[in-house]
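We use all heavy atoms of the structure for the numbers below, so side chains are in, but hydrogens, waters and symmetry mates are not. Just so we're clear, the structure is a prediction, and the values are computed from it rather than from any experiment.
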Amino acid sequence: MNALPPSTIQRISSGQVITSVASAVKELVENSLDAGASSVTARLENYGLDLIEVRDNGCGISPSEACHVALAHYTSKLRSHEDLLRVQSYGFRGEALSSLCCVSEVKVTSRTVSNGVASQYTLDRQGHIVTNKPSAGDVGTTICAANIFANLPVRRQVFKTARRCKEELRDVEDRMLALALAAPSVRLQLIHNKQTVWQRPGGGDLSAAAVSVFGSSVYSHLKIHYHDSSFTQDETNRESVK
């Protein structure tokens with residue numbers, strides 16, 4: 001994990017990254033996918049206002065790199081802006097966790113395959129580690145963000161009505177559905193207040209993911225567009241889906 005040079009930061013910095021519960025979930029799930037996870041669970045309490053938790057079984061964060069994980073513009077995806085031509089990850093700016101720390105109380109629990117136990121890190125608003133202690137946990141990473149926007153009362157007030165909170169939950173679900181199409185082999189699950197809102201078993205291809213997201217009726221009318229290095233083929237799926 002490296003600090004990006006100022007010239008690269010100027011080119012790719014996006015300013016605000018975490019502007020809603022949905023954007024927080026999206027950024028965290030994308031981090032999980034970049035970590036090679038085959039299973040990702042997003043859990044919300046009180047529409048994510050009390051707690052956002054994203055748990056994965058990815059490669060985990062090594063203790064030697066933990067001190068950089070939530071610092072702005074530290075990333076393992078890029079070394080310079082020239083790498084943007086070859087980037088294949090969902091995230092690459094090194095801004096997501098740093099931005100999340102600015103607007104919530106963040107704890108990171110992670111374990112790599114080479115570590116016998118997990119470590120739990122409590123982070124401050126600047127992304128620095130405040131406490132570090134051993135913790136139970138499998139290989140992978142769990143990120144908890146509590147009381148999002150509590151330090152930004154105007155932003156928090158946006159979610160004061162039940163209608164707006166339900167809209168936000170639908171937005172979270174929509175983003176999970178989109179990621180299910182982007183990563184059809186990954187098991188994804190969304191839980192709100194201990195109830196499963198949506199889940200996708202994973203282990204399938206894009207067609208199976210499309211059926212899960214759109215339903216068999218809509219899928220049967222979709223136009224499938226295939227790509228590889230040698231040819232492009234279009235066809236419309238007209239077979240019934242069982």
* Rounded to the nearest 0.5 Å, what separation is found between the CD1 atom of Ile191 and the OG1 atom of Thr41? -> 5.5 Å
* Asked: Looking only at atom types and distance, does a side-chain atom of Glu168 sit under 3.5 Å from a main-chain N or O of Val21, one as donor and one as acceptor?
  -> yes
* **Flag, side chain of Asp56 to backbone of Leu28, donor-acceptor distance under 3.5 Å** => no
* Tell me, do Gln126 and Leu71 make a side-chain contact under 4.5 Å, heavy atoms counted? -> no
* To do: With rounding to the nearest 0.5 Å, note down the distance linking CZ in Phe214 to CG in Leu177.
  => 8.5 Å
* Asked: Do Val139 and Asn57 touch side chain to side chain, with heavy atoms closer than 4.5 Å?
  -> no
* Asked: Does the side chain of Glu30 come within less than 4.5 Å of Glu27's, by heavy atoms?
  -> yes
* Arg187 side chain to Ser38 backbone, donor-acceptor under 3.5 Å -> no
* To do: Taking all heavy atoms of Val213 and all of Ala180, pick out the closest pair and write down the distance.
  => CG2-CB, 4.2 Å
* Asked: Are any of the side-chain heavy atoms of Val186 and Ser32 separated by less than 4.5 Å?
  -> no
* Which of these passes side-chain contact (heavy atoms from CB on, under 4.5 Å) with Leu123: Ile143, Val130, Val108, Thr131? -> Val108
* Structure fact -> Correct closest heavy-atom pair for Thr109 and Ala118 would be CG2-CB, 4.1 Å
* Structure fact -> dist Asp174:CG -> Trp198:CH2 (nearest 0.5 Å) comes out at 10.5 Å
* To do: Measure the spacing between CD1 of Ile61 and NE2 of His68 and express it to the nearest 0.5 Å.
  => 13.0 Å
* **Under 3.5 Å donor-acceptor, Arg111 side chain and Gly137 backbone** => yes
* Are the side chain of Asn193 and the backbone of Asn46 linked by a donor-acceptor contact shorter than 3.5 Å? -> yes
* To do: Could you walk me through whether Ile18 and Ile148 pass the side chain to side chain contact (heavy atoms under 4.5 Å, CB included) test, one step at a time?
  => CA-CA 10 Å; Ile18 306 301; Ile148 192 168; 4.1 Å; yes
* Ion pair present between Arg175 and Asp171, side-chain N to carboxylate O less than 4.0 angstrom? -> yes
* Taking the side chain from Arg164 and the backbone from Gln157, do they hold a donor-acceptor pair closer than 3.5 Å? -> no
* To do: Would you give the length of the straight line joining atom NZ of Lys107 to atom OG1 of Thr142, rounded to the nearest 0.5 angstrom?
  => 12.5 Å
* Structure fact -> Closest non-hydrogen atoms of Ser104 and Ala145, given as atom of the first, atom of the second and distance, are OG-CB, 3.5 Å
* Do Thr19 and Arg155 come close enough that some side-chain heavy atom pair is under 4.5 Å? -> yes
* Using 30° and 60° as the class limits, which term best fits the ring planes of Phe159 and Phe149: parallel, tilted or perpendicular? -> parallel
* Counting heavy atoms not belonging to Asp138, are there more than 12 under 6.0 Å from its CG? -> no
* State, with a plain yes or no, whether a side-chain heavy atom of Arg125 is found less than 4.5 Å away from one of Asn151. => yes
* Tyr219 vs Ser212 side-chain heavy atoms within contact, under 4.5 Å -> no
* Test side chain to side chain contact (heavy atoms under 4.5 Å, CB included) applied to Ser110 and Val69, step by step -> CA-CA 11 Å; Ser110 192; Val69 72; over 6 Å; no
* **Ser119 and Asn132, any side-chain heavy atoms less than 4.5 Å apart** => yes
* Asked: Can you get from Val25 to Leu51 by hopping between Ile, Leu, Val, Met, Phe, Trp and Tyr side chains that sit under 4.5 Å apart?
  -> no
* Rounded distance (nearest 0.5 Å) linking atom SG of Cys67 with atom CD of Glu65 -> 8.5 Å
* To do: Provide the closest heavy-atom pair for Asp205 versus Arg200 in the form atom of the first, atom of the second, distance.
  => O-NH2, 4.0 Å
* **Which atom of Leu100 lies closest to which atom of Ala24, heavy atoms considered** => CD1-CB, 4.0 Å
* Asked: If you take all heavy atoms of Pro63 and Asn115, which pair is closest and at what distance?
  -> CD-OD1, 3.5 Å
